[in-house]
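Beneath this line is the structure, given in structure tokens, with notes to follow.
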Amino acid sequence: MMRLSLLTILLAFSAAASADEFTYSWLQAGYGKVDFDDIDVDGDGLVFSGSCEINDEFFIFGGYSQTDLDFGIDTSIWGAGFGYNTSIAENADLFATVSYEYVEVDVPGFGSEDENGFGIGVGMRFLPAPSVELNGSINYVDVGEDDTVLALAGLYNFNPQFSVGLGGAFSDDATSWTLFGRWYFGRQ
């Protein structure tokens, strides 16, 4: 359950934000904290992700996170997928994703265990002001067990190439917060 919650949190932040016009070509790095609701295990780690437009409607994306949890437990999560986006208003985009997911958990004294599965998600990006983006998504991931996550994020765009953001992901099992920086490529 713990590794599935970490995976759904990563997936939740694998398809998100921009400025002026929406772009799906970016690289992102961040620091995050995760708290599990039903067990006394917390942790923090680094998250790296990216996305690249194939054309105006389709994009590919991927991500990796390394999280150090209490009691020396380490997790590695990889994901890669394909997405579709469409404009629903001048300042709003709707997107949907499907992905392959891989999770490895290493517990001291017990070794490591890994599993793979899939994820699907749907979300919206909204620009309430030229330098501010808000986005949200609902993501379902099935890797051994299934989990659903609500992800919300806000970004401040310093210029067309760089943004910083804060995001939260909420499921029945875990809550996480991530502070990240994003660099957009292919933008003028």
Hey, could you give me the [atom1]/[atom2] distance between [X] and [Y], rounded to the nearest 0.5 Å?
{"X": "Glu133", "Y": "Ser163", "atom1": "CD", "atom2": "OG", "answer": "7.5 Å"}
{"X": "Leu134", "Y": "Arg125", "atom1": "CG", "atom2": "CZ", "answer": "11.5 Å"}
{"X": "Tyr64", "Y": "Ile77", "atom1": "OH", "atom2": "CD1", "answer": "9.5 Å"}
{"X": "Asn135", "Y": "Leu152", "atom1": "CG", "atom2": "CG", "answer": "8.0 Å"}
{"X": "Asp37", "Y": "Asp172", "atom1": "CG", "atom2": "CG", "answer": "8.0 Å"}
{"X": "Asp35", "Y": "Leu69", "atom1": "CG", "atom2": "CG", "answer": "10.5 Å"}

message: side-chain contact (heavy atoms from CB on, under 4.5 Å) for Asp114 and Val103? Distances and angles first, verdict last.
response: CA-CA 5 Å; Asp114 62 346; Val103 177; over 6 Å; no
Flag side-chain contact, heavy atom, 4.5 Å: [X] against [Y]:
{"X": "Arg182", "Y": "Leu155", "answer": "yes"}
{"X": "Asp42", "Y": "Val34", "answer": "no"}
{"X": "Gln66", "Y": "Asp74", "answer": "yes"}
{"X": "Ser99", "Y": "Phe61", "answer": "yes"}
{"X": "Val149", "Y": "Val141", "answer": "no"}
{"X": "Tyr184", "Y": "Tyr24", "answer": "no"}
{"X": "Leu127", "Y": "Val132", "answer": "no"}
{"X": "Met124", "Y": "Ile88", "answer": "yes"}

- prompt: Under the side-chain contact (heavy atoms from CB on, under 4.5 Å) test, which residues partner Asn116, sequence neighbours left out?
  reply: Tyr100, Tyr102
message: Which residues pass the side-chain contact (heavy atoms from CB on, under 4.5 Å) test with Leu27, not counting sequence neighbours?
response: Trp183, Phe185
field: Linked, directly or transitively: Trp26 and Leu179 (ILVMFWY side chains, under 4.5 Å)
entry: no
Just checking, is any N or O donor in the side chain of [X] or [Y] under 3.5 Å from an acceptor N or O on the other one?
{"X": "Thr23", "Y": "Glu53", "value": "yes"}
{"X": "Glu104", "Y": "Ser76", "value": "no"}
{"X": "Asn139", "Y": "Ser137", "value": "yes"}

Derivation of the side-chain contact (heavy atoms from CB on, under 4.5 Å) call for Phe22 and Asn85: CA-CA 10 Å; Phe22 294 107; Asn85 64 280; over 6 Å; no
query: Sequence neighbours excluded, which residues qualify as side chain to side chain donor-acceptor pair (under 3.5 Å) partners of Asp44?
result: Tyr31
Distance-minimising heavy-atom pair for [X] and [Y]:
{"X": "Ser65", "Y": "Val47", "value": "CB-CG2, 4.0 Å"}
{"X": "Gly119", "Y": "Glu101", "value": "N-CG, 4.1 Å"}
{"X": "Ala174", "Y": "Phe36", "value": "CB-CD2, 3.8 Å"}

query: Is a donor on one side and an acceptor on the other found under 3.5 Å between the side chain of Ser171 and the backbone of Asp173?
result: yes
- request: Report yes or no: does Asn55 contribute a side-chain atom to a donor-acceptor pair with the main-chain N or O of Glu57 at less than 3.5 Å?
  value: yes
Residues Phe180, Phe48; criterion side-chain contact (heavy atoms from CB on, under 4.5 Å); working and verdict: CA-CA 9 Å; Phe180 57 90; Phe48 302 95; over 6 Å; no
Sequence-distant partners of [X], ring-ring contact (aromatic ring centres under 6.0 Å, His included), two or more places apart:
{"X": "Phe126", "answer": "none"}
{"X": "Tyr84", "answer": "Phe58"}
{"X": "Tyr156", "answer": "Phe158"}

task: Classify the ring geometry between Trp177 and Phe170 as parallel (under 30°), tilted (30 to 60°) or perpendicular (over 60°).
output: perpendicular
- request: Let me see the working for Val143 and Glu145 under side-chain contact (heavy atoms from CB on, under 4.5 Å), right down to the final yes or no.
  value: CA-CA 5 Å; Val143 179; Glu145 304 172 10; over 6 Å; no
message: Quick check on Ile138: does its CD1 atom have over 12 non-hydrogen neighbours (other residues, nucleotides or ligands) under 6.0 Å away?
response: no
